[in-house]
Amino acid sequence: MTESAGTTVAPRFPVETDRDYAMLIDGEWVGPGDRDTFTCVDPYENQPWGRVPVATVEDVDGAVRAARRAFDEGGWPQTPAVVRAGMLRRLADLIDQHADELASVQIHENGKLIGEMTATAHGMAMHARFVAGLAETMGGTSMQGVPGYTAYTVREPVGVVAAITPWNSPLTLLSWKLFPALAAGCTVVIKPSEVTPTSTLRLAELCMEAGFPAGVVNVVTGFGQPTGAALAGHPDVDKIAFTGSTGAGKAMLAAAQPRIGRVTLELGGKSPNIVFGDADLDNAVHGVMGGIFAATGQTCMAGSRVLVEDSVYDEFVERLSEAASKLILGDPLDPTTDVGPLACRNQFDRVLQYIQIGQDEGAKVTAGGVRDSSSPETQRGLFVQPTVLAGVDNSSRLAQEEIFGPVASIVRFSGEDEATRLANDIEFGLAAAVWTKDVARAHRMVKRLRAGTVWVNAYRVVHYAMPFGGFKQSGLGRELGTNALDAYTEVKSVWIDEGNRQTFGRR
Ligand code: NAD
């Protein structure tokens with residue numbers, strides 16, 4: 001442990017910068033060999049570390065064939081649910097035991113803060129236990145009203161699942177797919193983001209340790225092209241479970257279309273965070289800040305479009321801008337840090353570009369707006385100051401396009417009807433929030449907002465017992481919740497004749 005400004009900073013996880021990482025295919029670890037490799041870059045240190053193989057189309061084919069064999073011939077779908085659940089619980093225990101390590105690896109990969117990463121690692125373990133319970137209690141329905149037949153339904157695993165994941169919460173977003181797929185009896189080929197592959201490889205090691213048989217969990221590393229595309233387009237993949245940008249989500253739909261493949265999509269957002277004049281403003285300021293500046297704004301559900309009612313607009317903009325300017329930027333491993341770096345160079349450049357676009361469109365920067373250079377560490381890392389842009393037109397690019405960074409765009413409104421119209425006037429529909437003390441208004445707004453999640457006087461709360469997903473171009477289907485296994489099963493209807501004589505053609 002080291003001391004910094006009177007607080008305790010966790011030691012940086014000892015990363016072997018010279019290490020070659022290996023992929024997991026059919027229970028074997030496959031190193032780079034003569035394949036191309038790519039390098040991970042720590043966005044806080046701004047240092048490269050670790051070489052990861054680029055899976056070839058043949059590697060992807062090998063992984064999908066392994067998953068197919070494990071599904072068709074390996075007996076995984078027939079393994080009793082209680083046994084699959086037991087492996088998930090063992091995995092949960094291993095995740096708890098290795099939570100600090102899993103958090104550190106992700107921090108190295110994407111610069112997220114230690115508090116959130118440690119909490120989400122333990123949250124993942126709880127989620128695995130919850131899903132284990134779903135596996136044990138999964139059942140169909142028996143229909144008593146069908147005359148002459150015993151009629152019932154069973155749920156069967158959908159088959160081989162391709163799990164393609166982004167970099168912003170690599171393990172949590174993977175677990176939303178991997179755990180229910182395994183619980184349902186599916187086999188999985190994972191393609192993690194090229195920005196964050198090593199945390200997924202570490203989780204795959206824990207899966208092997210938990211006892212999942214060879215071929216049930218496979219990981220291929222690489223970029224969208226050719227690795228991701230080869231996986232999404234593979235004819236033996238029964239289902240694509242994808243989290244990422246809306247553009248890549250459309251490519252997933254196109255890839256699955258020729259074989260009518262099953263698809264779950266968790267995509268982008270530009271979520272409205274609506275502050276009414278009757279809100280507890282102090283609470284709303286901090287809730288709005290958490291919605292857009294937590295995780296450096298790199299969350300799909302970021303409350304990036306802040307709609308503020310006329311009557312409190314000036315006061316709210318002033319208080320939000322002042323509070324944003326006081327946030328502490330720095331080491332993701334320091335628990336007093338509020339905002340870490342952007343995860344990668346592309347993202348850093350993109351955020352600064354959008355701040356410029358906003359100003360060109362006539363919005364006014366009232367906080368931040370530039371790269372942070374307040375310390376040698378933030379000068380070295382990929383830091384952008386928490387930024388507030390006021391006077392934003394809801395039809396502008398700044399208000400309509402996902403930035404995925406610490407940029408709050410403030411739009412003015414007057415009354416519930418205008419708030420609703422502006423909030424819904426967008427191609428996305430992932431999340432929304434309403435800040436008000438009026439309970440009746442809260443209920444009315446919940447009904448009117450076209451979004452998969454609506455919070456009232458809260459933001460960015462997620463739990464494995466509650467479904468998550470988007471309306472409109474924010475996605476297709478839902479993850480989490482008590483029905484999480486539905487997305488990884490097919491329903492089979494069974495009819496058993498109770499003694500009726502077959503009459504067709506009988507004279
Ligand atoms: P991305 O779409 O660029 O990449 C996501 C994954 O898809 C990566 O593994 C990438 O290599 C792969 N990929 C990209 N193009 C592909 C293609 N044509 N074929 C196959 N694979 C391909 O997204 P990102 O930059 O990694 O993540 C940020 C995006 O993810 C944002 O838009 C964000 O809103 C979204 N996201 C959504 C949720 C949600 O739950 N709705 C959660 C987190 C992130």
Side-chain angles (χ1 to χ4, degrees), residues 38 52 54-55 57 60 106 109-110 112 120 162-177 189-197 199-200 219-234 237 240-257 261 263-271 292 294-304 342-351 354 401-405 426-431 451-453 460 462 464 466-481 487:
F38 61 102
V52 182
V54 176
V57 171
V60 172
Q106 290 179 89
E109 290 180 328
N110 68 8
K112 273 198 154 180
T120 53
I164 302 180
T165 53
W167 48 263
N168 61 321
S169 281
L171 293 187
T172 297
L173 296 170
L174 169 60
S175 72
W176 292 9
K177 299 156 184 53
V189 180
I190 304 163
K191 207 300 278 174
S193 165
E194 53 274 27
V195 180
T196 54
S199 49
T200 294
V219 185
V220 289
T221 49
F223 299 85
Q225 297 285 353
T227 310
L231 179 57
H234 199 292
V237 166
I240 302 173
F242 175 79
T243 299
S245 59
T246 295
K250 289 176 184 173
M252 299 299 141
L253 275 181
Q257 185 256 343
V263 178
T264 304
L265 302 175
E266 297 286 1
L267 307 177
K270 189 79 183 186
S271 298
I292 184 61
T296 320
Q298 300 169 117
T299 69
C300 52
M301 65 190 92
S304 44
L342 275 308
C344 58
R345 187 85 217 180
N346 279 352
Q347 204 52 32
F348 174 81
D349 292 341
R350 175 186 170 90
V351 169
Y354 267 104
E401 296 176 15
E402 185 179 46
I403 300 173
F404 224 59
I426 190 121
E427 68 187 24
F428 298 114
L430 192 59
T453 292
R460 208 166 170 254
V462 180
Y464 47 76
M466 287 289 285
F468 187 79
F471 282 25
K472 302 196 263 182
Q473 293 192 31
S474 284
L476 197 60
R478 293 291 177 272
E479 296 189 303
L480 305 180

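Every number for a ligand or one of its atoms is a count from 1 in the order of the listing. The first residue of the sequence shown is numbered 1, and numbering continues consecutively from there. Just so it is clear, the structure is predicted and the values come from calculations on it, not from any experiment.
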At under 4.0 Å between heavy atoms, which part of [X] makes contact with ligand 1: side chain, backbone, both or neither?
X      : answer
Glu479 : neither
Leu173 : side chain
Ala255 : neither
Val195 : neither
Leu231 : neither

(message) I'd like to know if the side chain of Thr246 and the backbone of Gln473 have a donor-acceptor N/O pair within less than 3.5 Å.
(response)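 Judged by distance alone, yes, a pair lies under 3.5 Å.
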
(message) Any side-chain to backbone donor/acceptor pair from Gln347 onto Phe404? Under 3.5 Å, distance only.
(response) yes

(request) Determine, considering heavy atoms only, which of Phe404, Phe223, Phe242, Trp176 sits nearest to atom 28 (C) of ligand 1. (result)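 Minimum heavy-atom distance to atom 28 (C) of ligand 1 goes to Phe404.
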
(request) Tell me which one of Asn346, Val462, Thr172, Ile164 gets a heavy atom nearest to atom 12 (C) of ligand 1. (result) Ile164

[atom]: nearest protein contact (heavy atom, Å):
atom                    : answer
atom 9 (O) of ligand 1  : Thr165 O, 2.7 Å
atom 26 (O) of ligand 1 : Trp167 CD1, 3.0 Å
atom 31 (C) of ligand 1 : Glu402 OE1, 3.4 Å

(request) Give a yes-or-no answer on whether the side chains of Lys177 and Thr264 include a donor-acceptor pair shorter than 3.5 Å. (result)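 There is no such pair (donor and acceptor under 3.5 Å, judged by atom type) between the side chains of Lys177 and Thr264.
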
(request) Check whether any protein heavy atom sits under 4.0 Å from atom 4 (O) of ligand 1. (result)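 Protein heavy atom within 4.0 Å of atom 4 (O) of ligand 1: absent.
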
Does [X] come within less than 4.0 Å of ligand 1, judged by its heavy atoms?
X      : result
Ala302 : no
Ala229 : yes
Ser193 : yes
Met252 : yes

(message) Within the structure provided, determine whether Ile403 and Val351 are in side-chain contact (heavy-atom separation under 4.5 Å).
(response)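 In short, these two side chains touch, coming nearer than 4.5 Å.
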
Taking only heavy atoms of [X], which atoms of ligand 1 are found under 4.0 Å from at least one of them?
X      : value
Pro192 : 9 (O)
Cys300 : 34 (O), 36 (N), 37 (C), 38 (C), 39 (C), 40 (O), 41 (N), 42 (C), 43 (C), 44 (C)
Lys191 : 8 (C), 9 (O), 10 (C), 11 (O)
Phe468 : 40 (O)

